[in-house]
Amino acid sequence: MKDNVILDKTMDFSVRIVKLYKYLCTEKNEYIMSKQLLRSGTSIGANAHEAHNGQSDKDFLAKMYIAFKEASETEYWLKLLLKTEYLTIDQSESILEDCVELKKILTAIIKTLKSNVNGGKQK
């Protein structure tokens, strides 16, 4: 099977999110924000994987846009966990960077596909 950067990166990110969720629950006794983080953080990869098997370019684009929105939400929860001191700067820096990188990749995919779907015209 051919490597797919977004699928590989979102799977790796989901694994990190699950491990962070377990840490927040067991070490910090934090269950509310961590559950939101778990849902949005793993949804990025789930939507990217679903998009990969989309029925059309429009279906693919819709799923990738949902993945982007989930990445934005995940970034919010990570920043909130940092600001509320459930995470330290050292604990959050790398995963936040990965989240921002995913948003950039997803933005590039969305822009490219929008351009292709609209015959080169951005809407």
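The first residue in the sequence is number 1, and the count goes up from there.
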Asks: What are the two closest heavy atoms between Cys99 and Ala71, and how far apart are they?
Replies: SG-O, 3.3 Å

Asks: What's the spacing between Leu106 CG and Ile66 CD1 if we round to 0.5 Å?
Replies: 12.0 Å

Asks: For the pair Lys111 and Thr107, evaluate side chain to side chain contact (heavy atoms under 4.5 Å, CB included) and give the outcome as yes or no after the intermediate values.
Replies: CA-CA 6 Å; Lys111 283 183 177 181; Thr107 297; 3.9 Å; yes

Asks: Mind checking the CG-OH spacing from Leu87 to Tyr23? Nearest 0.5 Å is all I need.
Replies: 7.0 Å

Asks: Hey, are the side chains of Lys114 and Ile110 touching, using non-hydrogen atoms and a 4.5 Å cut-off?
Replies: yes

Asks: Between CD of Glu97 and OG of Ser92, what distance do you get to the nearest 0.5 Å?
Replies: 9.5 Å

Asks: Could you tell me whether Glu73 and Lys69 make a salt bridge, using a distance below 4.0 angstrom between a side-chain N and a carboxylate O?
Replies: no

Asks: Let me have the donor-acceptor pairs involving side chains of residues 56-64, under 3.5 Å, with sequence neighbours excluded, atom names and distances please.
Replies:
{"from": "Ser56", "atom 1": "OG", "to": "Lys58", "atom 2": "N", "distance (Å)": "3.4"}
{"from": "Ser56", "atom 1": "OG", "to": "Asp59", "atom 2": "N", "distance (Å)": "3.1"}
{"from": "Asp59", "atom 1": "OD2", "to": "Gln55", "atom 2": "N", "distance (Å)": "3.0"}
{"from": "Lys63", "atom 1": "NZ", "to": "Glu50", "atom 2": "OE2", "distance (Å)": "3.2"}

Asks: Pair Leu78, Leu20 - check side chain to side chain contact (heavy atoms under 4.5 Å, CB included), show working.
Replies: CA-CA 10 Å; Leu78 288 168; Leu20 179 55; 3.8 Å; yes

Asks: Measuring from Glu70:CD to Leu102:CG, what's the distance to the nearest 0.5 Å?
Replies: 12.5 Å

Asks: What donor-acceptor contacts under 3.5 angstrom involve side-chain atoms of residues 8-15, with partners at least two apart or in another chain?
Replies:
{"from": "Lys9", "atom 1": "NZ", "to": "Glu101", "atom 2": "OE2", "distance (Å)": "3.2"}
{"from": "Thr10", "atom 1": "OG1", "to": "Ile6", "atom 2": "O", "distance (Å)": "2.8"}
{"from": "Thr10", "atom 1": "OG1", "to": "Leu7", "atom 2": "O", "distance (Å)": "3.2"}
{"from": "Ser14", "atom 1": "OG", "to": "Thr10", "atom 2": "O", "distance (Å)": "3.0"}

Asks: When you group the ILVMFWY residues by side-chain heavy-atom contacts below 4.5 Å and let the links chain together, are Leu80 and Leu96 in the same group?
Replies: yes

Asks: How long is the straight-line distance from CD of Gln91 back to NZ of Lys28, given to the nearest 0.5 Å?
Replies: 6.0 Å

Asks: Please tell me whether Ile17 and Leu82 are part of a single hydrophobic cluster in this structure, the criterion being side-chain heavy atoms less than 4.5 Å apart.
Replies: no

Asks: Is Val100 reachable from Phe68 through a run of I, L, V, M, F, W or Y residues, each pair having side-chain heavy atoms under 4.5 Å apart?
Replies: no

Asks: Rounded to the nearest 0.5 Å, what separation is found between the CG atom of Leu24 and the CD1 atom of Ile32?
Replies: 12.5 Å

Asks: Name the atoms and distances for all side-chain donor-acceptor pairs under 3.5 Å in residues 37-45, with sequence neighbours left out.
Replies:
{"from": "Ser40", "atom 1": "OG", "to": "Gln36", "atom 2": "O", "distance (Å)": "3.2"}
{"from": "Ser40", "atom 1": "OG", "to": "Thr74", "atom 2": "OG1", "distance (Å)": "2.9"}
{"from": "Thr42", "atom 1": "OG1", "to": "Leu38", "atom 2": "O", "distance (Å)": "2.6"}
{"from": "Ser43", "atom 1": "OG", "to": "Asn47", "atom 2": "ND2", "distance (Å)": "2.9"}

